[in-house]
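Structure below; questions to follow.
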Amino acid sequence: QVQLVESGGGLVQAGGSLRLSCAASGRTFSSDRMGWFRQAPGKEREFVASINWSGVSTRYADSVKGRFTISRDNAKNTMYLQMNSLKPEETAVYYCAAGGSYTGTVYYPAYWGQGTQVTVSS
């Protein structure tokens with residue numbers, strides 16, 4: 001139905017930056033909400049950031065506030081995550097997500113990408 005494809009992951013030194021992209025294709029879907037999650041080895045998947053359709057409303061995990069910036073270009077069906085001052089503990093597979101709903105402040109996506117590996121070396 002809907003495909004979400006992440007790109008931009010890779011190896012970066014601590015303190016460095018990466019910009020992740022998520023391109024959506026396939027059937028139409030609710031684009032009111034999109035976001036990023038990450039999952040480190042042996043850890044549960046955690047919320048990183050989300051954005052509404054207009055881009056006016058953004059939410060961030062406390063751990064990334066001030067360092068990460070989420071944005072989207074609806075004309076290109078693409079969402080971005082600019083990650084600055086990366087830390088080794090942020091090594092994880094980063095997943096693009098879209099659609100779904102919020103329960104309180106918790107975002108439950110309907111669609112997921114396959115993930116892109118981000119490795120932060122020390």
Side-chain angles (χ1 to χ4, degrees):
Q1 44 185 345
V2 175
Q3 291 186 339
L4 302 171
V5 181
E6 302 94 336
S7 62
L11 176 64
V12 64
Q13 292 184 332
S17 299
L18 283 175
R19 188 192 190 202
L20 304 182
S21 298
C22 173
S25 62
R27 297 180 183 178
T28 58
F29 64 97
S30 175
S31 61
D32 287 350
R33 294 163 293 276
M34 295 189 74
W36 293 92
F37 293 74
R38 65 189 179 190
Q39 187 167 21
K43 300 289 186 66
E44 293 186 357
R45 183 178 59 200
E46 66 174 349
F47 169 79
V48 176
S50 66
I51 188 168
N52 72 339
W53 189 92
S54 68
V56 172
S57 179
T58 58
R59 298 179 182 180
Y60 296 92
D62 289 341
S63 61
V64 306
K65 288 181 179 177
R67 298 186 297 112
F68 289 14
T69 302
I70 188 171
S71 61
R72 65 191 294 173
D73 186 338
N74 292 331
K76 297 180 179 179
N77 281 336
T78 302
M79 178 180 63
Y80 307 95
L81 183 68
Q82 178 66 46
M83 305 185 294
N84 297 328
S85 301
L86 282 161
K87 305 173 182 179
E89 57 264 36
E90 293 175 313
T91 293
V93 177
Y94 284 69
Y95 295 92
C96 173
S101 63
Y102 284 93
T103 301
T105 60
V106 180
Y107 178 36
Y108 295 91
Y111 305 96
W112 295 90
Q114 64 182 187
T116 185
Q117 177 70 45
V118 172
T119 302
V120 185
S121 63
S122 59

Open item on the list: For residues 57-122, which residue pairs pass the disulfide bond (SG atoms under 2.5 Å apart) check, not counting sequence neighbours?
Closed with: C22-C96
Task: Atom pair OH (Y80) and CG (D73), whose distance is rounded to the nearest 0.5 Å - done: 5.0 Å
Open item on the list: My understanding is that only residues two or more places apart in sequence, or in another chain, count here; which of them pass side-chain contact (heavy atoms from CB on, under 4.5 Å) with S63?
Closed with: R38, A61
- [ ] Would you indicate whether the side-chain heavy atoms of M83 and E90 approach each other to under 4.5 Å?
- [x] no
TODO: For residues 5-24, pull every pair meeting side-chain hydrogen bond (donor to acceptor under 3.5 Å, both in side chains), keeping only residues two or more places apart or in separate chains.
DONE: S17-N84
Open item on the list: To the closest 0.5 Å, what do you measure between CZ (R33) and OH (Y108)?
Closed with: 13.5 Å
TODO: For the pair L86 and F68, evaluate side-chain contact (heavy atoms from CB on, under 4.5 Å) and give the outcome as yes or no after the intermediate values.
DONE: CA-CA 9 Å; L86 282 161; F68 289 14; 3.8 Å; yes
Open item on the list: How close do T91 and A40 get, counting heavy atoms only, and between which atoms?
Closed with: O-CB, 3.5 Å
Open item on the list: Test of understanding: with salt bridge (Lys or Arg N to Asp or Glu O under 4.0 Å), list the residues that count as partners of K43, not counting sequence neighbours.
Closed with: none
TODO: Identify the heavy atoms of A24 and L4 that sit nearest to each other, and give their distance.
DONE: CB-CD2, 3.6 Å
TODO: Find out whether L11 and S121 are in side-chain contact, i.e. whether some heavy atom of one side chain is under 4.5 Å from a heavy atom of the other.
DONE: yes
TODO: Could you tell me whether the side chain of R72 and the main chain of N52 form a donor-acceptor pair under 3.5 Å?
DONE: yes
Open item on the list: Quick check: closest heavy atoms across A14 and S122, and the distance to 0.1 Å?
Closed with: CB-CA, 4.4 Å
Task: salt bridge (Lys or Arg N to Asp or Glu O under 4.0 Å) involving E89 - partner list, sequence neighbours excluded - done: none
Task: From CE (M34) to CG (N77), nearest 0.5 Å - done: 8.0 Å
TODO: Would you mind reporting whether R67 and Y60 have side-chain heavy atoms less than 4.5 Å apart?
DONE: no
Open item on the list: Ignoring hydrogens, what is the shortest heavy-atom contact between Y107 and G99? Give both atom names and the distance.
Closed with: OH-O, 2.6 Å
Open item on the list: Can you give me the closest heavy-atom contact between G113 and Y95, atom names plus distance?
Closed with: O-CD2, 3.5 Å
Open item on the list: I need the L81 CG to Y94 OH distance, nearest 0.5 Å.
Closed with: 7.5 Å
Open item on the list: Check for me, please, whether V93 and V120 land in the same ILVMFWY cluster - side-chain distances under 4.5 Å, paths through other members count.
Closed with: no
Task: Qualifying residues under ring-ring contact (aromatic ring centres under 6.0 Å, His included), relative to F47, sequence neighbours excluded - done: F37
Task: Test item: M79 and I70 side chains (from C-beta on) under 4.5 Å apart, heavy atoms - done: yes
TODO: Kindly work out whether a path of hydrophobic side-chain contacts (I/L/V/M/F/W/Y, heavy atoms less than 4.5 Å apart) joins Y102 to W112.
DONE: yes
Open item on the list: Counting neighbours of CD on Q82 that are heavy atoms of other residues, nucleotides or ligands and sit closer than 6.0 Å, is the number greater than 12?
Closed with: yes
